[in-house]
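Take a look at the structure set out below.
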Amino acid sequence: MIRICRLTKLAMTTKSFIINTVFFIFLSLLTGPFLSYGAEESIEIKKDFRAGDVLTVDSPAFVGSPNEYAPLETVMREGKKYYLTNSEILNIFTEEKTEYSESSILYEGVEYIDRIPETAWVQITNEDLKVKQTVELPVVSQVEERSYWDYNFTFPIEISGYQEDTYLLGDKEIPNGAPLTDYGLEFLKYLNLPEDYYQITSIVWTGEPVERNGDMVRNAQAQGKKLVKNIRAVYGGEVTVPSVQAQIYRGFYEEDRTEKQTDPLIYKNSETAVYERQAWNEYRKIVRYIITITITLTVLLMLLTIILILLKRKKKAEAESEPDSQPD
């Protein structure tokens, strides 16, 4: 009787377990798609809104004080006005480059017979980079800065045949004893000097006649003035500037929109928007559903295995109890 009671209790327990298991599986399949895990379904998006166009302006590369290279408060580009919003100084290395450069030389007291040199060695200075170079460049232009009379015009005269009644100056005969100053123009023509640029004011003897090779010779000195000029010659050409360490001033500008009242004003700020990811929620629901079914089926398989084991044990127990239950 003890064995019968145990079998009856086991049968009742097994029956209740099977009913509860089937109910749990049915409930899981029914409610699986609607399970929620309480995960936050949101994404943060930042947006920047700006007013007008943005302009970046770099100064020339420079070495030394940055004050004179600081960006202007306002600039104009293509009819638009821009205001400075920020600026910074950057360290750079300049690239070696070839650029046109000029330098000038002032020649003072240039007279008619003088010629300005066609080439000259001049010093070229890049003021921004503080680079100095001495290079040979050709003359590209000449500028007259001043003209004036120079009273230091003088030249020597030697009269040969002084013992003769006349001397010959080119094709002009000068009587012996006549004042030489009266023949100043003839002396200029003989020297091929234009009277617009040269004038003789006096000719004086500088010594007594001397004999030379059987001829009498006497020296004189002409004095006068000459028209001279101060000329500035400009020399220019292509010059290669080496690479150096330098800096640049960078300015950041925004377009002025206040004058364009017809356009909507857009202000620059940063906003955070939260959006629910609907597509991702649906995807996660499907995954949860599949996981729920998988877990449920796994539990069901395990329960069925346990049930089969219990039933097998039950049959075995019944088989063992049959002989004992017959009366003597």
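These numbers come from the heavy atoms of this one structure, side chains and all, not from hydrogens, waters or symmetry mates.
One distance of note links CD1 of Ile200 with CG of Leu188; it measures 4.0 Å at 0.5 Å rounding. Leu311 contributes atom CG, which lies 7.0 Å from atom NZ of Lys315 (distance to the nearest 0.5 angstrom). Taken to the nearest 0.5 Å, the CD atom of Gln123 stands 9.5 Å off from the CD atom of Gln133. Note that CD of Glu99 is 8.5 Å distant from CD of Glu238, once rounded to the nearest 0.5 Å. The CD1 atom of Ile307 lies 12.0 Å from the CE atom of Met302; values are rounded to the nearest 0.5 Å. We find the CD-OH distance between Glu73 and Tyr253 to be 7.5 Å, quoted to the nearest 0.5 Å.
Put simply, the side chain of Tyr82 reaches to within 4.5 Å of the side chain of Arg77, judged on heavy atoms. Between Gln199 and Trp149 the shortest side-chain heavy-atom distance falls below 4.5 Å. At a threshold of 4.5 Å between non-hydrogen side-chain atoms, the residues Arg232 and Ser141 do not count as touching. Residues Glu102 and Val140 have side chains in contact (heavy-atom distance under 4.5 Å, counting atoms from C-beta outward). In this structure the side chain of Pro242 reaches within 4.5 angstrom of the side chain of Val131, judged on heavy atoms.
Residues passing the ring pair (Phe, Tyr, Trp, His ring centres under 6.0 Å) test with Tyr151, sequence neighbours excluded: none. Considering only residues two or more places apart in sequence or on other chains, Thr166 meets the side chain to side chain contact (heavy atoms under 4.5 Å, CB included) condition with Glu173. Taking Pro194 as the reference, Tyr112, Tyr197, Tyr198 meet the side chain to side chain contact (heavy atoms under 4.5 Å, CB included) condition, with sequence neighbours excluded. Residues satisfying the side chain to side chain contact (heavy atoms under 4.5 Å, CB included) test with Ser147, not counting sequence neighbours, are Glu144, Lys229. The salt bridge (charged side-chain N to carboxylate O under 4.0 Å, His left out) search around Glu158 returns Arg212, not counting sequence neighbours. Considering only residues two or more places apart in sequence or on other chains, Arg115 meets the side chain to side chain contact (heavy atoms under 4.5 Å, CB included) condition with none of them.
Surrounding CD of Glu195 are at most 12 heavy atoms belonging to other residues, nucleotides or ligands under 6.0 Å away. Crowding of Lys130 atom NZ: a count of heavy atoms from other residues, nucleotides or ligands under 6.0 Å exceeding 12. Heavy-atom neighbours of Glu118 CD from other residues, nucleotides or ligands within 6.0 Å: at or below the threshold of 12. Few gaps surround OH on Tyr148; more than 12 heavy atoms of other groups in view lie less than 6.0 Å from it.
Within the structure, the salt bridge (Lys or Arg N to Asp or Glu O under 4.0 Å) test picks out the following pairs touching residues 241-252 (sequence neighbours left out): Asp58-Arg250. The stretch residues 85-96 participates, sequence neighbours left out, in these side chain to side chain donor-acceptor pair (under 3.5 Å) pairs: Asn91-Gln247.
Judged by distance alone, the side chain of Asn126 and the main-chain N or O of Asp128 form a donor-acceptor pair under 3.5 Å. Remark: side-chain polar atoms of Glu145 are not paired, donor with acceptor, to backbone N or O of Leu106 under 3.5 angstrom.
Under the 4.5 angstrom side-chain criterion for Ile, Leu, Val, Met, Phe, Trp and Tyr, Phe252 has no cluster partners at all. Val217 belongs to a hydrophobic cluster whose other members, connected by ILVMFWY side-chain contacts under 4.5 Å either directly or through intermediates, are Val210. Grouped by direct or indirect side-chain proximity (heavy atoms under 4.5 Å, Ile/Leu/Val/Met/Phe/Trp/Tyr only), Tyr235 sits with Ile105, Tyr107, Val110, Ile116, Val122, Ile124, Val135, Leu137, Val139, Ile231, Val239.
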**OP:** Let me see the working for Asn152 and Gln223 under side chain to side chain donor-acceptor pair (under 3.5 Å), right down to the final yes or no.
**Re:** CA-CA 7 Å; Asn152 292 321; Gln223 294 182 340; over 6 Å; no
**OP:** Assess whether salt bridge (Lys or Arg N to Asp or Glu O under 4.0 Å) is satisfied between Lys80 and Glu78, documenting all intermediate values.
**Re:** CA-CA 6 Å; Lys80 298 179 181 179; Glu78 298 179 354; 5.7 Å; no
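Lys225 and Asp150 are not joined by a salt bridge, as no carboxylate oxygen comes within less than 4.0 angstrom of a charged side-chain nitrogen.
Aromatic ring centres of Tyr69 and Tyr249 lie farther apart than the 6.0 Å criterion allows.
Of all non-hydrogen atoms in Leu84 and Leu72, the two that sit nearest each other are CB-O, 3.7 Å.
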Contacts under 3.5 angstrom, residues 176-184 side chains, donor-acceptor by atom type, not counting sequence neighbours:
{"from": "Asn176", "atom 1": "OD1", "to": "Tyr167", "atom 2": "OH", "distance (Å)": "2.9"}
{"from": "Asn176", "atom 1": "ND2", "to": "Tyr162", "atom 2": "O", "distance (Å)": "2.8"}
{"from": "Asn176", "atom 1": "ND2", "to": "Glu164", "atom 2": "O", "distance (Å)": "2.8"}
{"from": "Thr181", "atom 1": "OG1", "to": "Ile203", "atom 2": "N", "distance (Å)": "3.0"}

